[in-house]
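Each ligand, and each atom within it, is numbered from 1 in the order the structure gives.
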Amino acid sequence: MPKAVALLVAAGSGERLGASRPKAFVALAGRPMLEWSVAALRGAGLDEIVVALPEGEDAPAGCIGVPGGSARSASVRAALTAAGEGEWVVVHDAARPLVSAELFRSALAALVGADCAVAAAPMIDTVKEAGPDHRVVGTLDRSRLWAIQTPQAFRRSVLERALDVSDDVLAAATDDAWLVERAGGSVVVVPSTPANFKVTTPHDLRVAELLLSERAVVRAERE
Ligand code: CTP
Ligand code: MG
């Protein structure tokens, strides 16, 4: 497999969490939230990690820090500019601290047959479309729906091209794979589970704290 570099986006403010520090730096089961992702990346053999940072925070030891952008994909673009050599790139949200090393490996392995590979969980809920008046206009076929997560792995040249767009388009992107899709690239889903959820609200933070404290105990028992 070609060399891969990792981009960890941590520059958001965490408005919906409402903590006193930016979300990725909030303490979670004994370490700042983003450190859980750094450990999983290292577990997958990804040693070059560029972190997009909010103002006033430093990168974890051994990582390269860059100032983030005003939108998530702008932070990805800023981090990619600072990355060293590597034909493959894996992008991950620092807000998904429950990610495993295995999922990083699976996402990268899936790049063999595509331009981009995204972790995704099969939809659990039925999804309906409704108008502004709450009137349902249709029910989607759940068997074909996936809830998209990170990691998202990319061939570097494809990601560079996909990110070479106006700031308005970058701001409209809720994930980077969409930028590849609109540029005509091929994207595949890599089966993941809802356990790799994004910490968004105080409720999510409590659930993550419980799950990661368990993991910390298991690790301590092994050592
Ligand atoms: N992110 C980023 N740069 C931005 C916005 C978001 O690097 N300009 C990162 C966040 O730090 C997070 C990930 O993208 O790791 C996913 O974003 P989200 O969960 O929306 O985090 P926040 O933007 O921090 O939260 P909120 O939207 O509630 O303010
Ligand atoms: Mg946000």
Side-chain angles (χ1 to χ4, degrees), residues 5-29 31-42 46 48-60 63-83 89-100 103-104 107 116 118-121 146-154 159-160 162-163 165-180 192 194-209 211-212:
V5 294
L7 313 180
L8 185 61
V9 285
S13 60
E15 212 170 294
R16 288 167 290 180
L17 185 63
S20 54
R21 323 180 50 159
K23 182 164 73 179
F25 294 82
V26 165
L28 180 57
R31 35 158 91 146
M33 185 183 300
L34 83 170
E35 297 272 7
W36 289 97
S37 296
V38 170
L41 281 165
R42 293 202 171 121
L46 286 145
E48 181 170 336
I49 305 170
V50 183
V51 187
L53 296 164
E55 231 177 82
E57 300 286 355
D58 294 321
C63 299
I64 302 164
V66 295
S70 58
R72 185 188 167 285
S73 288
S75 293
V76 172
R77 186 163 67 183
L80 184 57
T81 311
V89 180
V90 63
V91 177
H92 184 62
D93 289 338
R96 294 187 189 270
L98 285 124
V99 68
S100 63
L103 192 56
F104 284 118
C116 167
V118 300
W146 295 83
I148 300 305
Q149 307 175 342
T150 66
Q152 302 199 340
F154 302 85
L159 182 59
E160 280 169 351
L163 288 168
V165 290
S166 70
D167 287 346
D168 286 353
V169 174
L170 273 198
T174 55
D175 77 336
D176 309 298
W178 173 70
L179 296 168
V180 171
S192 171
N196 179 35
F197 63 87
K198 190 169 73 153
V199 173
T200 305
T201 63
H203 168 80
D204 300 330
L205 188 66
R206 288 184 65 189
V207 177
E209 176 80 32
L211 295 171
L212 289 169

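L159 has its side chain out of reach of Q152: every pair of non-hydrogen atoms, C-beta onward, lies at least 4.5 Å apart.
Counting heavy atoms closer than 4.0 Å to ligand 1, residue S70 contributes backbone atoms (N, CA, C, O) but none from C-beta onward. In K23, the part holding a heavy atom less than 4.0 Å from any atom of ligand 1 is the side chain. At a heavy-atom cutoff of 4.0 Å, ligand 1 is contacted by no atom of R96, backbone or side chain. Proximity of A71 to ligand 1, defined as any heavy-atom pair under 4.0 Å, is confined to the backbone N, CA, C and O atoms.
By the 4.0 Å heavy-atom criterion, G14 is counted among the residues contacting ligand 1.
Ligand-side atoms of ligand 1 in range of A95: 12 (C), 15 (O), range being under 4.0 angstrom from any heavy atom. Atom numbering of ligand 1 starts at 1 in the shown order; those under 4.0 Å from a heavy atom of K198 are 18 (P), 19 (O), 20 (O). Close approach of ligand 1 to S13 (heavy-atom distance below 4.0 Å) involves ligand atoms 24 (O), 29 (O). Residue R16 has at least one heavy-atom neighbour below 4.0 Å for each of these atoms of ligand 1: 20 (O), 26 (P), 27 (O), 28 (O).
Taking any N or O of V199, backbone or side chain, none lies under 3.5 Å from an N or O belonging to ligand 1. Where the criterion is an N or O separation shorter than 3.5 Å, residue side chain and backbone included, S75 meets it with respect to ligand 1. Checked against a 3.5 angstrom limit, the closest N/O atoms of A24 and ligand 1 fall outside it. The shortest N or O to N or O distance between A52 and ligand 1 is not below 3.5 Å.
Compare G69, S73, A78 by their heavy atoms: the one nearest to atom 8 (N) of ligand 1 is in G69.
Proximity of a side-chain donor or acceptor of S75 to a complementary backbone N or O of G69 within less than 3.5 Å is detected.
Counting protein heavy atoms only, atom 23 (O) of ligand 1 is closest to G12 CA, 3.9 Å.
Checked options D176, T174, D175; the residue passing with S73 is D176 (criterion: side chain to side chain donor-acceptor pair (under 3.5 Å)).
Using a cutoff of 4.0 Å between basic side-chain nitrogens and carboxylate oxygens, D167 and R77 are scored as salt-bridged.
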